[in-house]
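Scope of the values below: all heavy atoms of this structure, side chains included, with no hydrogens, waters or symmetry mates.
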Amino acid sequence: MRSENTLFVGGPLDGRVLPVLVGMTGQPPKTYEIPVPNDDGRPPTLHVYRRVPGRVGRLGLPRGWRYEYDASATRSAALG
């Protein structure tokens with residue numbers, strides 16, 4: 001499978017560039033979820049990133065993608 005190096009903005013992965021698998025259309029998934037374990041034995045916290053256009057070219061078309069942290073979607077992984 002093919003992957004694309006994608007920038008993460010905000011949240012626990014701020015500033016990191018990670019390889020993300022792309023689908024058959026060449027685009028990464030619309031959301032990227034990262035479970036972070038808690039030290040006190042509670043279920044892991046789920047951090048959610050949303051895909052947004054990276055750079056916009058001369059014609060107004062996106063050239064690449066990046067993920068931005070969605071703090072309103074952060075929830076406990078046990079909730080589903």
- Report the distance from atom CG of Leu13 to atom CD1 of Ile34, rounding to the nearest 0.5 Å. 4.0 Å

- In this structure, CG of Leu18 is separated from OH of Tyr32 (nearest 0.5 Å) by 6.0 Å

- Val52, Val17: one ILVMFWY side-chain cluster at the under-4.5 Å cut-off? no

- With a cut-off of 6.0 Å (strictly less than), are more than 12 heavy atoms of other residues, nucleotides or ligands near CG of Asp40? yes

- Considering only heavy atoms from C-beta outward, does the side chain of Asp14 approach that of Val9 to under 4.5 Å? yes

- Query: In Å and rounded to the nearest 0.5 Å, what is the CZ to CZ distance from Arg50 to Arg66?
  - Reply: 15.0 Å

- Interatomic spacing from CG in Leu21 to CD in Glu4 - rounded to 0.5 Å: 11.0 Å

- Minimum heavy-atom distance between His47 and Tyr69, given as atom pair plus value: ND1-OH, 3.0 Å

- Item | Pairwise distance CG(Asn5) to CZ(Arg16) - rounded to 0.5 angstrom | 14.5 Å

- Query: Using 30° and 60° as the class limits, which term best fits the ring planes of Tyr49 and Phe8: parallel, tilted or perpendicular?
  - Reply: perpendicular

- Query: Which atom pair, heavy atoms only, marks the closest approach of Pro28 to Tyr67?
  - Reply: CB-OH, 3.3 Å

- Task: Taking the side chain as every heavy atom from C-beta outward, state whether Pro44 and Val36 have any pair of such atoms under 4.5 Å apart.
- Result: no

